[in-house]
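Order of the sequence lines fixes the chain letters, A, B, ..., with proteins taken first and strands second; residue numbering starts at 1 for each chain. Values reported hereafter were calculated over all heavy atoms of this structure, with side chains retained and with hydrogens, waters and symmetry mates removed.
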Protein chains: 2
Amino acid sequence: MATVSNQELKQVLREHEMKATSQRIALLKLLNNTSEHYDAEEIYIELRKLQKTVSRATVYRSLETLVEQQLVSKLDFGEGRMRYENRQERDEHHDHLICERCGKVIEFFNLEMEAQQLAVCEKHDFLPSTHTMHIFGTCIECRATNPN
Amino acid sequence: MATVSNQELKQVLREHEMKATSQRIALLKLLNNTSEHYDAEEIYIELRKLQKTVSRATVYRSLETLVEQQLVSKLDFGEGRMRYENRQERDEHHDHLICERCGKVIEFFNLEMEAQQLAVCEKHDFLPSTHTMHIFGTCIECRATNPN
DNA sequence: GTGTAAATGAGAATCATTCTTATCTTTAAG
DNA sequence: CTTAAAGATAAGAATGATTCTCATTTACAC
């Protein structure tokens, strides 16, 4: 995962008609350099650790704008709060397997499933914009530990 | 949609090791007799209309138990609150198309998609329990009104 | 009918998120 | 390099959904 320079991030923000504030640059860099699915509070804490002055409100507002600009994806794993992941340089959309025991998230992509989704939309004269496909269950490691 | 008697609902609750309280019977009957996807507050208001003494806490607690018992499904349409639907007598699981303009929810079932989900789980040695598949977009009526 | 575990009502508490407002930055223009 | 205006920010208050607390009530096995 190549670290992106501040200059490049500024460029990205400006291309999306967002002022290149230090808070936004730091937030984008954080999501750029991790494969974690952080929630807003975790992002706030990480930015604070990095000596950034930032408020929760700014984290939420920036995330909202970044999601609108499709630079970031907003994910709901059914925990009562949202998680976010970087979307730049991702060529493929992906869905998630979520382990209900350990919380691990496995990403997957299945072309046939995507095709079926389009078929369903066509059948119902529905114009899709986004979708969420989350499969909840138990991962192999957790079953190995305790088959239950 | 055949109305189920209180006696039958009592029976159902007892079969699931839940005390057959009047609040639970009324809640279950409400969900049984509608195809709406109510949220907790709407359920609370409906039960009040029906002259039932019930508190919000009881609505939430009962729903939680009913979901555990798989008598009710908990749905997240990305509105920041959960919705619930009856699950009894439904032989088929189904997924949802959600119109981002008018909020309409269209239910669908696609066997091939379900098969692909199982295939993905197998591939990742993942034991699935439930899944959510929500496609967001614009329904035909909204596009007819304003193609955009 | 009684006792007891379970369920409930009312409102307080919590948690994620959004709003408010006064104060800063960014950036385009001189 | 200043400057001004639009846009962003910090801090904390407000909101809204959901959960918790605890004293009281109810279901139901006996």
Tell me, please, which residues at least two apart from B/Glu68 pass side-chain hydrogen bond (donor to acceptor under 3.5 Å, both in side chains). none
Within residues 110-131 of chain B or reaching into it, pairs that qualify as ring pair (Phe, Tyr, Trp, His ring centres under 6.0 Å) - sequence neighbours excluded: B/His93-B/His131
Can you name the salt bridge (Lys or Arg N to Asp or Glu O under 4.0 Å) partners of A/Arg56, sequence neighbours left out? A/Glu41
Give a yes/no answer on whether the side chain of A/Ser62 brings an N or O atom under 4.0 Å of OP1 or OP2 in D/dA8. no
Here the distance between atom P of D/dA8 and atom CD1 of A/Ile25, to the nearest Å, is 13 Å
Students should find that the end-to-end axis angle of the helix from C/dG1-D/dC30 to C/dG30-D/dC1, with five pairs defining each axis and rounding to 10 degrees, is 30°
Nearest-angstrom distance from the residue atom OH of B/Tyr44 to P of D/dT18: 15 Å
Go through the structure and list residues passing salt bridge (Lys or Arg N to Asp or Glu O under 4.0 Å) with B/Glu79, not counting sequence neighbours. B/Arg83
Find which nucleotide of DNA chain D each of B/Gly80 and A/Val59 is nearest to by heavy atoms, and output the residue with the more 5' nucleotide. A/Val59
Would you call A/Glu141 and A/Lys104 a salt bridge, using N to O less than 4.0 angstrom? yes
If hydrophobic residues (ILVMFWY) are linked whenever their side-chain heavy atoms come closer than 4.5 Å, directly or via other members, who joins A/Leu127 in its cluster? none
In B/S/- notation, 5' to 3', how is nucleotides 19-30 of chain D contacted by protein heavy atoms closer than 4.0 Å? BBB-----BS--
Taking 4.0 angstrom as the limit, do A/Lys49 and A/Glu46 come out as a salt bridge? yes
For the pair made of CD in A/Glu17 and C1' in D/dA8, what is the distance, rounded to whole Å? 16 Å
Can you pull the contact range of chain A along DNA chain C, 5' to 3', using atoms under 4.0 angstrom from its heavy atoms? C/dA16 to C/dT27
With sequence neighbours excluded, give me every salt bridge (Lys or Arg N to Asp or Glu O under 4.0 Å) pair touching residues 3-28 of chain A. none
Assign each of A/Tyr84 and B/Thr53 to its nearest nucleotide of DNA chain C by heavy atoms, then name whichever residue's nucleotide is nearer the 5' end. B/Thr53
Contact class for A/Arg83 vs. all strands (heavy atom < 4.0 Å): base, sugar-phosphate, or nothing? nothing
Taking salt bridge (Lys or Arg N to Asp or Glu O under 4.0 Å) as the test, write out the residues that go with A/Glu114, two or more places apart. none
According to side-chain hydrogen bond (donor to acceptor under 3.5 Å, both in side chains), who are the partners of A/Gln69, at least two apart in sequence or on a separate chain? A/His16
So B/Glu41, base contact, sugar-phosphate only, or nothing? Heavy-atom distance under 4.0 Å. nothing
Between D/dA17 (P) and B/Glu79 (CD): distance, integer Å: 10 Å
Residues passing the side-chain hydrogen bond (donor to acceptor under 3.5 Å, both in side chains) test with B/Ser55, sequence neighbours excluded, are B/Thr58
